[in-house]
Amino acid sequence: MKMNGTYTLDAPVEKVWAFLMDPQAIAKVIPGCETLQEVNPDTYNATLKLGIAAIKGTYNGAVQLLDKTPPAHYRMLIDGSGTPGFVKGEATVDLAPQDTQTVLTYDADVQVGGLIANVGQRMIGGVARMIINQALKQLEEELAQY
């Protein structure tokens, strides 16, 4: 499943980059995130509690940041699993200054399997977009206080 989009944040690019590289800060904007801990440089273990339709569960996984070009670009590898299934994927995040704001562009390719895949791609895609939009709105709110 491929997802992409852009979002304009009311903060300078350096501030957005610093926020995105701060595990305590970013954990506040990821829906369902219970823990996000750095285990090696640019490698994090995460626990998320999420649900799609009637399938709810806890996922444990790893996030690795690669190809970092501060303050403009990074790539993420995501690998998680839980009772409802698994999620594996890759995403790129690009930040571009626009006056005093930052345009965030994301491009992701994610695979899901197990019970969660039985919900259907259309529903998963809609829920994934909803989660991304929630995270971006929360990111904007948290950046104002960062």
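This is a predicted model, so every value here is computed, not measured. Numbers here are sequence positions counted from 1.
- A donor-acceptor contact shorter than 3.5 Å links the side chain of Glu38 to the backbone of Asp42.
- At distances below 3.5 Å, at least one donor-acceptor pair connects side-chain atoms of Thr102 with backbone N or O atoms of Ala11.
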Trace of the side-chain contact (heavy atoms from CB on, under 4.5 Å) decision for Val63 with Leu77:
CA-CA 6 Å; Val63 177; Leu77 296 180; over 6 Å; no
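- In terms of the side chain to side chain donor-acceptor pair (under 3.5 Å) criterion, Lys15 has no residue partners (sequence neighbours excluded).
- Residue Tyr146 comes nearest to Ala25 through the heavy atom pair CE1-CB, 3.9 Å, listed as atom of the first residue, atom of the second, then distance.
- Contact detail for Gly125 and Met1: the closest heavy-atom pair is CA-SD, 3.5 Å.
- The hydrophobic cluster analysis finds Val103 isolated: no Ile, Leu, Val, Met, Phe, Trp or Tyr side chain comes under 4.5 Å of it, directly or through other members.
- Nearest approach of Lys56 to Pro84, heavy atoms of both residues: O-CG, 3.8 Å.
- Side-chain polar atoms of Tyr7 and Glu140 form a donor-acceptor pair below 3.5 angstrom.
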Apply side-chain contact (heavy atoms from CB on, under 4.5 Å) to residues Asn45 and Thr35 and explain how you reach the verdict.
CA-CA 8 Å; Asn45 282 343; Thr35 63; over 6 Å; no
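- Counted by atom type alone, Gln145 and Glu141 present zero donor-acceptor pairs between their side chains at under 3.5 Å.
- Closest of all the heavy-atom pairs between Leu36 and Pro23 is CD2-O, 3.6 Å.
- Taking CE from Met3 and CD1 from Ile131, the interatomic distance works out to 9.0 Å, rounded to the nearest 0.5 Å.
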I would like to know whether Met21 and Leu65 meet side-chain contact (heavy atoms from CB on, under 4.5 Å); could you show each step before the answer?
CA-CA 9 Å; Met21 295 299 119; Leu65 303 182; 3.9 Å; yes
Kindly indicate, with the supporting measurements, whether the criterion side-chain contact (heavy atoms from CB on, under 4.5 Å) is fulfilled by Leu143 and Asp10.
CA-CA 8 Å; Leu143 270 170; Asp10 195 19; over 6 Å; no
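- Checked by atom type, the side-chain pair Asp107/Thr92 shows no donor-acceptor distance below 3.5 Å.
- In this structure, CH2 in Trp17 is found 6.5 Å from OG1 in Thr69, a value given to the nearest 0.5 Å.
- Atom CD1 of residue Ile78 and atom CE of residue Met76 lie 4.5 Å apart, to the nearest 0.5 angstrom.
- Taking CG of Leu48 as the start and CG of Asn60 as the end, the distance is 8.5 Å to the nearest 0.5 Å.
- For the residue pair Asp94 / Tyr106, no side-chain donor-acceptor distance below 3.5 Å is found, with atom types taken as modelled.
- Looking only at side-chain heavy atoms (C-beta outward), Tyr44 and Val39 stay at 4.5 Å or farther from each other.
- More than 12 heavy atoms of other shown residues, nucleotides or ligands fall within 6.0 angstrom of atom NZ in Lys68.
- In terms of modelled atom types and a separation under 3.5 Å, the side chain of Ser81 and the main chain of Phe86 share no donor-acceptor contact.
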side-chain hydrogen bond (donor to acceptor under 3.5 Å, both in side chains) between Glu142 and Gln138, worked out
CA-CA 6 Å; Glu142 292 291 331; Gln138 189 66 33; 3.1 Å; yes
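- Rounded to the nearest 0.5 angstrom, Lys49 NZ and Glu34 CD are separated by 4.5 Å.
- A donor-acceptor pair is defined here as one N or O able to donate and one able to accept, closer than 3.5 Å; such a pair exists between the side chain of Asp22 and the backbone of Gln24.
- With rounding to the nearest 0.5 angstrom, the CG atom of Leu95 is 6.0 Å from the CG atom of Leu20.
- Side-chain contact between Thr105 and Val93: absent, with no pair of heavy atoms (C-beta onward) separated by less than 4.5 Å.
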